[in-house]
Novice: 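Encoded as structure tokens, here's the structure I'll be asking about.
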Amino acid sequence: MIEAKRYRKGTIAFAAVSGSGVVVILGCLALILVDIFVHGLPQLSWEFLTQPPRDGMTAGGIFPAIFGTVLLVLLMTIAVVPVGVITAVFLHEYARPDAWYARLIRSAVYNLAGIPSIVFGLFGLGFFIQFVGRNIDALLFGGEVVWGQPALIWASLTLAVLTLPVVIVATEEALRTVPRENREAALALGCTPFEALWKVTLPQAAPGILTGAILAVSRGAGETAPILFTGAAYFLPYLPTHPTDQFMHLGYHVYVMATQSPDVEATKPILYGTVLVLLLVTVTLNGLAVWLRYRLRRTQP
Amino acid sequence: MEGGPGDSLQERLGGLEAVGVPAVAATPDPKGVRLRRRKAIDRVARWFIAAIACTAIAAVALIFLFLAREAFPILTSSAIHEEVTLGKMIAPQPWREGEPPYYAWQPVSKVPKYSLLPLLVGTFKVAIIALLFAVPVAVLGAVFTSELAPRKVREVVKPAVELLAGIPSVVLGFFVLMVLATHLQDLLGLQYRLNAIVAGIGLGLAIVPVIFTLSEDALTAVPQSYREAAFALGASRARTAWSVVLPAASPGIFAAVVLGFGRAMGETMIVLMASGNAAILSWDPVLPVRTVPATIAAEMGEVVVGGPHWTVLFVLGVLLLLLTIAFNGLSGWYVRRLRQRLGGTS
């Protein structure tokens with residue numbers, strides 16, 4: 001009996017110690033969310049979401065920042081989803097798993113996922129702006145700087161490179177859930193491999209691919225470091241309408257207001273409102289993707 | 001797929017019709033024109049897909065190439081050598097006359113000073129503090145979730161961790177800067193509101209999901225037979241988790257920690273907002289600190305394109321890239337070792 005008591009005591013003590021880890025995680029998460037919701041929610045209004053800032057960022061809304069973020073992420077998605085899906089299709093449907101080129105691509109994807117976001121910013125600056133942009137200017141505009149400067153298009157392409165692994169990994173997972181028999185049946189009926197892919201495999205993998213795209217959008221909308229010097233601006237009197245325009249961005253807005261505002265107390269309500277909008281966008285999308293994936297995993301055999 | 005061969009065929013055909021593919025052959029094609037066209041499309045598609053799939057390789061190569069391209073003048077350009085050389089970045093310099101050589105990072109001053117050491121020490125200091133916070137929390141949490149927690153708890157904790165992972169780093173940085181820093185200062189009686197501890201805890205929050213998820217994966221990868229053997233010998237759940245499962249999963253958990261460290265080193269926005277950004281050469285955790293990524297982020301906006309400062313910041317970028325790739329590689333190596341270890345015995 002004493003043995004049994006010690007046995008149980010040990011288990012309870014261990015559960016308490018290891019459970020404290022979970023408590024800290026949940027506690028921190030709750031603290032962050034509650035603080036931001038409590039301070040940010042009173043800010044949200046129609047005016048806040050649809051008006052530009054006024055009076056040195058102490059009044060008005062954040063419409064240009066929302067608009068810029070949406071546009072940025074839209075362009076990024078257009079660039080990243082096709083490339084990511086095709087790469088995953090190649091890895092899963094065409095390449096032999098142990099082929100050297102498949103291993104090379106996988107290792108590139110793994111490394112790409114681990115590169116710090118600020119390095120992507122440097123890459124965008126060094127490659128897209130200084131190399132691609134400047135060369136377009138030299139060829140088409142006689143050296144006048146049009147494309148060779150921070151711009152919407154370069155920021156979104158930089159983010160596309162950053163989110164490429166997200167789309168590839170999610171798409172591969174989606175392709176894995178399509179039963180092999182379906183492809184074989186299509187081939188047996190006389191489909192070419194591409195037709196089997198296009199008419200059978202991809203439609204069945206579509207929800208999983210959508211999940212990947214949503215995850216990429218959520219990630220892209222929240223990243224601030226890569227756009228610091230590839231196109232984001234603190235304040236613009238106009239909305240971006242051309243790929244070479246600069247843009248306002250929710251994350252960048254939060255960063256500048258929080259660190260460089262001359263009067264932090266005066267901008268604080270707006271700041272909390274902006275953080276809440278950014279958080280709602282990313283968390284909602286992220287939650288949607290997690291939920292979709294959870295449901296997909298459940299329904300698949 | 002269960003059942004006899006007959007009904008499984010029907011099932012497959014049913015599966016096809018369900019996605020809108022007519023299972024009956026289309027109109028006749030006597031000369032084989034359409035078949036040839038379809039085959040041509042298939043060939044083109046195959047090449048097109050293979051070509052696009054190389055984008056990931058191209059991206060990594062271009063990142064290396066173009067960071068190196070902008071950093072390279074540090075070795076060759078005499079105009080830049082007037083202000084800074086690689087040697088001056090590494091060794092202590094006699095910045096002020098009559099004083100012994102010392103390390104300093106002050107790019108914007110009469111004599112620009114570009115010592116790497118204060119930034120490197122700062123980066124490692126903050127990353128280590130982040131690990132000290134995140135590793136116990138995440139690993140214990142993962143052990144609890146995978147070994148002890150009832151299913152209901154698991155279904156709350158895992159989405160919560162994914163939610164934490166989905167919070168943008170600028171939001172975490174904001175929270176640390178506006179809320180946590182003040183409370184921590186009052187609590188610990190610190191002299192500086194923004195310091196390495198505050199930034200480290202913020203970073204820790206950012207890497208908890210990484211370490212938690214990878215540790216949890218490693219723990220669930222341990223075969224059930226290990227646990228059953230321990231239970232059969234009379235070990236409690238706690239004893240099994242601690243003495244059997246945890247050691248078996250240890251390479252995977254180590255991989256998680258290494259990956260977390262790599263992430264912490266490269267994370268930008270939290271440190272940029274919450275560290276105080278003073279390049280002080282010291283291991284003291286209560287002083288403000290400046291890290292490599294925060295330096296790039298803070299200074300790149302105001303430098304002359306192609307100038308010495310620009311070049312030095314790209315050198316920092318190359319350094320950061322190499323460091324994180326090394327840590328990622330190490331982490332991947334441990335994950336493979338875990339697989340070998342568990343694969344050979346299960």
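A, B, ... follow the sequence lines: proteins, then strands. Residue 1 opens every chain.
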Novice: Between A:L228 and chain B, which part of the residue has a heavy atom less than 4.5 Å away: side chain, backbone, both or neither?
Specialist: side chain
Novice: Are any non-hydrogen side-chain atoms of A:I86 and B:F48 less than 4.5 angstrom apart?
Specialist: yes
Novice: Counting heavy atoms not belonging to B:R239, are there more than 12 under 6.0 Å from its CZ?
Specialist: no
Novice: Which atoms of B:I49 come close to chain A, meaning under 4.5 Å heavy atom to heavy atom: side chain ones, backbone ones, both, or neither?
Specialist: both
Novice: In terms of heavy-atom pairs under 4.5 Å with chain B, which of A:Q130, A:E93, A:E223 leads?
Specialist: A:Q130
Novice: Select one option (side chain, backbone, both, neither) describing which atoms of A:L164 are under 4.5 Å from chain B's heavy atoms.
Specialist: side chain
Novice: Could you state the interatomic distance from CZ (B:F175) to SG (A:C28), rounded to the nearest 0.5 Å?
Specialist: 7.5 Å
Novice: Using heavy-atom distances under 4.5 Å, tell me whether B:A149 contacts chain A through its side chain, its backbone, both, or neither.
Specialist: neither
Novice: Given side chains that start at C-beta, do those of B:I52 and A:F90 come closer than 4.5 Å, heavy atoms only?
Specialist: no
Novice: Side chain, backbone, both or neither: which part of A:V17 has a non-hydrogen atom closer than 4.5 Å to chain B?
Specialist: both
Novice: Ignoring hydrogens, what is the shortest heavy-atom contact between B:L148 and A:A15? Give both atom names and the distance.
Specialist: CD1-CA, 3.8 Å
Novice: Salt-bridge test for B:E162 and A:R293: reply yes if a basic N is under 4.0 Å from a carboxylate O, no otherwise.
Specialist: yes
Novice: Tell me, out of A:T87, A:I118, A:T224, A:V22, who's got the most heavy-atom pairs with chain B below 4.5 Å.
Specialist: A:I118
Novice: Under a 4.5 Å heavy-atom cutoff, which of B:C54, B:A160, B:A297 has the most pairs with chain A?
Specialist: B:A297
Novice: How many angstroms lie between atom CG of A:L122 and atom CG of B:L320, to the nearest 0.5 angstrom?
Specialist: 8.5 Å
Novice: Need one label for B:L313: side chain, backbone, both or neither, based on atoms under 4.5 Å from any heavy atom in chain A.
Specialist: backbone
Novice: How about A:I25 and B:V157: do any of their side-chain heavy atoms sit closer than 4.5 Å?
Specialist: no
Novice: Do you know which two heavy atoms are closest between A:P193 and B:R46, and how far apart they sit?
Specialist: CG-NH2, 4.0 Å
Novice: With a 4.5 Å limit on heavy-atom distance, are the side chains of A:Y110 and B:S331 in contact?
Specialist: yes
Novice: Contact part of B:V292 toward chain A, heavy-atom cut-off under 4.5 Å: side chain, backbone, both or neither?
Specialist: neither
Novice: Between A:L285, A:I12, A:L271, A:V89, which has the largest tally of heavy atom pairs under 4.5 Å with chain B?
Specialist: A:L271
Novice: Determine the option with the most heavy-atom pairs under 4.5 angstrom with chain B, choosing from A:L91, A:V23, A:L125.
Specialist: A:L125
Novice: At a 4.5 Å cut-off on heavy atoms, which part of B:L67 comes close to chain A: side chain, backbone, both, or neither?
Specialist: side chain
Novice: Any idea which of B:K39, B:M265, B:M300, B:E70 has the most non-hydrogen atom pairs under 4.5 angstrom with chain A?
Specialist: B:M300
Novice: Please state whether the side chain, the backbone, both or neither of A:F127 comes within less than 4.5 Å of a heavy atom of chain B.
Specialist: both
Novice: Rounded to the nearest 0.5 Å, how far does CG of B:L163 lie from CG of A:L33?
Specialist: 6.0 Å
Novice: Give a yes or no on whether the backbone of A:F194 and the side-chain of B:D42 come within a donor-acceptor separation of less than 3.5 Å.
Specialist: yes
Novice: Where is the tightest heavy-atom contact between B:G317 and A:V119, given as atom of each residue plus distance?
Specialist: O-CG2, 4.1 Å
Novice: Quick one: does B:V170's side chain get under 4.5 Å of A:Y252's, heavy atoms only?
Specialist: no
Novice: For the residue pair A:F131 and B:F66, is the inter-centroid distance of their aromatic rings smaller than 6.0 Å?
Specialist: yes
Novice: Would you indicate whether the side-chain heavy atoms of A:L279 and B:P168 approach each other to under 4.5 Å?
Specialist: yes
Novice: Quick one: side chain to side chain donor-acceptor pair (under 3.5 Å) partners of A:K268, sequence neighbours excluded?
Specialist: none
Novice: Return the OG1 to CD1 distance between B:T55 and A:I168, rounded to the nearest 0.5 Å.
Specialist: 8.0 Å
Novice: Does the side chain of B:V171 come within less than 4.5 Å of A:V254's, by heavy atoms?
Specialist: no
Novice: Which atoms of B:R38 come close to chain A, meaning under 4.5 Å heavy atom to heavy atom: side chain ones, backbone ones, both, or neither?
Specialist: both
Novice: Using heavy-atom distances under 4.5 Å, tell me whether B:F327 contacts chain A through its side chain, its backbone, both, or neither.
Specialist: neither
Novice: Between A:Y94 and chain B, which part of the residue has a heavy atom less than 4.5 Å away: side chain, backbone, both or neither?
Specialist: side chain
Novice: Please flag which part of B:M269 lies under 4.5 Å from any non-hydrogen atom of chain A: side chain, backbone, both or neither.
Specialist: side chain
Novice: Given that the side chain runs from C-beta out, which part of A:L197 has a heavy atom under 4.5 Å from chain B: side chain, backbone, both or neither?
Specialist: side chain
Novice: Search all heavy atoms of A:F14 against all heavy atoms of B:A241 and return the closest pair with its distance.
Specialist: CE2-CB, 3.9 Å
Novice: Could you tell me the separation between the CD1 atom of A:I32 and the CD1 atom of B:I167, rounded to the nearest 0.5 Å?
Specialist: 5.0 Å
Novice: Side chains of B:I63 and A:L112: does their closest heavy-atom pair fall under 4.5 Å?
Specialist: yes
Novice: Which value, rounded to the nearest 0.5 Å, describes the distance between B:L321 atom CG and A:F123 atom CZ?
Specialist: 11.0 Å
Novice: Looking only at heavy atoms, what is the nearest atom pair of A:G114 and B:T324, with distance?
Specialist: O-CB, 4.2 Å
Novice: Only pairs of heavy atoms separated by less than 4.5 Å count here; which of B:V208, B:V179, B:V143 has the most with chain A?
Specialist: B:V179
Novice: Is it the backbone or the side chain of A:V161 that comes under 4.5 Å from a heavy atom of chain B, or both, or neither?
Specialist: side chain
Novice: Please classify the contact between B:E155 and chain A as side chain, backbone, both or neither, with a heavy-atom cut-off of under 4.5 Å.
Specialist: side chain
Novice: Among A:V283, A:L26, A:D35, which has the most heavy-atom pairs under 4.5 Å with chain B?
Specialist: A:D35
Novice: For the residue pair B:S236 and A:T11, what are the closest heavy atoms and their distance?
Specialist: CB-OG1, 3.4 Å
Novice: What part of A:I36 is in contact with chain B, defined as an atom under 4.5 angstrom from a non-hydrogen atom: side chain, backbone, both or neither?
Specialist: side chain
Novice: Out of B:A59, B:A142, B:A50, return the one with the most heavy atom pairs under 4.5 angstrom to chain A.
Specialist: B:A50
Novice: Between A:Y272 and B:F174, does the ring centre distance come in under 6.0 Å?
Specialist: yes
Novice: When only pairs under 4.5 Å are counted, which of A:P116, A:A188, A:G190 shares the most heavy-atom pairs with chain B?
Specialist: A:P116
Novice: Which answer fits B:R263, side chain, backbone, both or neither, if we ask what part of it has an atom under 4.5 Å from a heavy atom of chain A?
Specialist: side chain
Novice: Can a donor-acceptor pair be found, under 3.5 Å and without considering hydrogens, that links the side chain of A:Y255 to the backbone of B:L272?
Specialist: no
